[in-house]
Number of protein chains: 2
Amino acid sequence: MADTKTPRPGRTAARPAAQAPARNEARAAARTAAADPTPALDRIQALPSWLLNRASARGRRLVAEALARDGMRMPHHAVLSAVADLEPVAQAELGRTTGFDPKDMVGILNDLQGRDLVSRAPDPNDRRKNAITLTPEGRKRLTRLAKLGDEANEALLSALSPAERELFLALLQRVVEGEGDVVPGS
Amino acid sequence: MADTKTPRPGRTAARPAAQAPARNEARAAARTAAADPTPALDRIQALPSWLLNRASARGRRLVAEALARDGMRMPHHAVLSAVADLEPVAQAELGRTTGFDPKDMVGILNDLQGRDLVSRAPDPNDRRKNAITLTPEGRKRLTRLAKLGDEANEALLSALSPAERELFLALLQRVVEGEGDVVPGS
DNA sequence: AGTCATTCATTGGAGCTCCCAACGAATTTG
DNA sequence: CAAATTCGTTGGGAGCTCCAATGAATGACT
């Protein structure tokens with residue numbers, strides 16, 4: 001890859017020119033010449049995947065900023081919530097329910113345990129497992145985090161009315177589940 | 001962080017036990033005791049930011065798989081599209097219109113130039129800039145990529161009817177633009 | 001004119017998410 | 001009892017996003 005590029009070869013000027021004819025004129029000319037009614041850039045930026053990426057990035061940023069005010073990140077909040085529901089729970093099951101990689105789960109729980117928000121004790125019934133439990137501080141912290149997360153999500157959808165939000169979430173849910181192809185039917 | 005965790009301390013067994021009382025019973029007990037009608041995990045996984053992340057990840061995966069059949073990745077497609085519209089165009093402007101970091105733009109264009117899909121020549125009018133241009137091969141390749149991308153996006157929204165897709169995209173667009181708070185008015 | 005701020009392409013580095021592979025310990029299956 | 005599986009952990013890598021700094025070149029201002 002290092003030999004394929006042209007790393008600013010000396011900048012010796014003296015070029016054939018006749019290559020940059022006023023930009024906009026070239027663009028319009030190309031459009032009429034190639035009969036390209038919809039510019040490729042506009043098309044790509046209207047693609048569902050593109051819009052979803054941008055919306056997701058905005059949501060992640062908003063949530064990250066909100067949780068950062070409490071010194072936490074999104075995975076901390078998610079795992080803390082899962083522990084609250086499933087405790088005592090093994091790390092592998094936490095990974096399955098939240099979707100985090102076991103490798104990353106180790107780091108997340110290291111953080112949470114380091115702040116005394118969860119306790120990680122060997123499970124007496126299955127000594128391979130760790131029994132993850134919420135500490136009282138963890139429970140209080142989770143309440144705060146849930147509030148911050150809700151506020152961020154409120155801001156994320158602030159452009160939509162309540163009815164529109166409900167509709168949007170319903171559609172979004174079906175997109176997430178995907179598996180479409182066959183008509184929903186029921 | 002290395003001293004905060006408990007790295008499986010020997011597994012010497014002999015534990016206080018009385019800590020893992022059959023799992024499900026503990027869960028039900030906690031729910032009645034804490035009067036928690038909505039499990040925290042369910043709540044967090046119904047959050048707009050969570051759903052958007054999952055939908056975005058699904059879209060990214062579908063698009064990546066589709067473009068990979070042509071040996072390309074998403075940024076390649078996006079930049080190639082932008083070049084098609086704006087050529088000849090400088091890297092910095094490409095970065096502004098597509099949203100890619102200037103650093104990443106270097107690598108993307110290195111790839112594209114290495115495959116002779118774009119040409120990168122010094123701009124005679126402004127010797128700081130590179131004039132990025134589409135090669136004939138690049139134009140053909142873009143047609144293929146656009147098709148692959150469209151198919152992937154079709155699959156992404158396959159769970160929605162045409163009317164629902166239109167509605168979903170309209171709502172999604174407004175979420176992306178955000179800046180809500182004030183009513184759109186027009 | 002010459003100084004100064006800005007822009008451009010590039011390099012370096014970091015963080016996050018996801019995936020794959022391996023390991024020792026422990027458990028389950030046959 | 002042997003074999004396969006699970007569990008937590010460590011290691012590495014690929015992609016995407018972001019920030020800081022550099023030298024070259026340009027533009028603006030006095």
Side-chain angles (χ1 to χ4, degrees), chain A residues 1-2 5-13 49-50 52-54 56-61 63-65 67-68 72-76 78-79 89-96 98-111 113 120-132, chain B residues 1-2 5-13 15 50 53-54 56-61 63-65 67-68 72-79 89-96 98-111 113 120-132:
Chain A
M1 190 188 286
K5 65 170 185 174
T6 307
R8 310 232 127 221
R11 250 69 204 294
T12 40
S49 54
W50 186 276
L52 274 173
N53 252 325
R54 294 231 301 150
S56 169
R58 182 162 176 263
R60 228 175 317 129
R61 185 173 45 80
V63 168
E65 286 169 358
L67 298 185
M72 299 257 123
R73 284 168 301 145
M74 184 270 285
H76 298 138
V79 170
V89 60
Q91 299 186 198
E93 192 185 348
L94 280 178
R96 276 180 236 113
T98 58
F100 290 111
D101 193 273
K103 174 195 178 67
D104 305 318
M105 187 63 65
V106 174
I108 297 168
L109 287 174
N110 284 350
D111 291 349
Q113 186 182 25
R120 179 155 49 174
D123 185 337
N125 300 100
D126 187 339
R127 305 218 313 286
R128 293 171 304 178
K129 300 182 181 176
N130 280 337
I132 312 292
Chain B
M1 189 190 288
K5 65 171 184 174
T6 306
R8 309 233 128 220
R11 250 69 204 294
T12 39
R15 277 275 161 181
W50 186 276
N53 252 323
R54 295 231 301 150
S56 168
R58 181 162 176 264
R60 229 175 316 128
R61 184 173 46 80
V63 169
E65 285 169 358
L67 299 185
M72 299 258 122
R73 284 168 300 145
M74 182 271 285
H76 297 139
H77 181 200
V79 169
V89 60
Q91 300 186 196
E93 193 185 347
L94 281 178
R96 273 179 239 115
T98 57
F100 290 112
D101 191 272
K103 173 197 178 68
D104 307 316
M105 188 62 65
V106 174
I108 298 167
L109 287 175
N110 284 350
D111 292 349
Q113 186 183 23
R120 178 155 49 173
D123 185 336
N125 299 101
D126 187 339
R127 305 216 315 286
R128 293 171 303 177
K129 301 181 181 177
N130 280 337
I132 312 294

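Lettering of chains follows the sequences in order, A, B, ..., and the numbering in each one begins at 1.
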Nearest of [options] to any side-chain atom of [X]?
X	options	answer
Arg128(B)	dC16(D), dT10(D), dT6(C)	dT6(C)
Asp126(A)	dT27(C), dC8(C), dT9(D)	dT27(C)
Met74(A)	dC7(D), dT17(C), dT9(D)	dT17(C)

In whole Å, I'd like the distance from the [atom1] atom of [X] to the [atom2] atom of [N].
X	N	atom1	atom2	answer
Phe100(B)	dC19(D)	CZ	P	16 Å
Asn110(B)	dG15(D)	CG	C1'	16 Å
Asp123(A)	dC7(D)	CG	C1'	11 Å
Arg73(A)	dG15(C)	CZ	P	10 Å
Arg61(B)	dG15(D)	CZ	C1'	15 Å
Gln91(A)	dT6(D)	CD	C1'	13 Å
Ile108(B)	dA9(C)	CD1	P	14 Å
Asp104(A)	dC20(C)	CG	C1'	13 Å

For Asn53(A) and for Leu109(A), locate the closest nucleotide of DNA chain D by heavy-atom distance; then report the residue assigned to the nucleotide nearer the 5' terminus. Leu109(A)

So what does Ala64(B) touch, heavy atoms closer than 4.0 Å: a base, only the sugar-phosphate, or nothing? nothing

Donor/acceptor link under 3.5 angstrom from Lys103(A) side chain onto base of dG8(D): no

Return the [atom1] to [atom2] distance between [X] and [Y], rounded to the nearest 0.5 Å.
X	Y	atom1	atom2	value
Ile132(A)	Asp123(A)	CD1	CG	10.0 Å
Thr98(B)	Glu93(B)	OG1	CD	10.0 Å
Met74(A)	Arg60(A)	CE	CZ	7.5 Å
Met105(A)	Gln91(A)	CE	CD	7.5 Å
Leu109(A)	Asn130(A)	CG	CG	8.5 Å

Pick the nucleotide of DNA chain C nearest each of Asp101(B) and Ala92(B); which residue has the one closer to the 5' end? Ala92(B)

Between [X] and [N], is there a contact of a side-chain N or O with OP1 or OP2 at under 4.0 Å?
X	N	value
Arg127(A)	dC7(D)	no
Arg60(A)	dC18(D)	no
Arg120(A)	dT9(D)	yes
Asn125(B)	dT26(D)	no
Asn130(B)	dT10(C)	yes

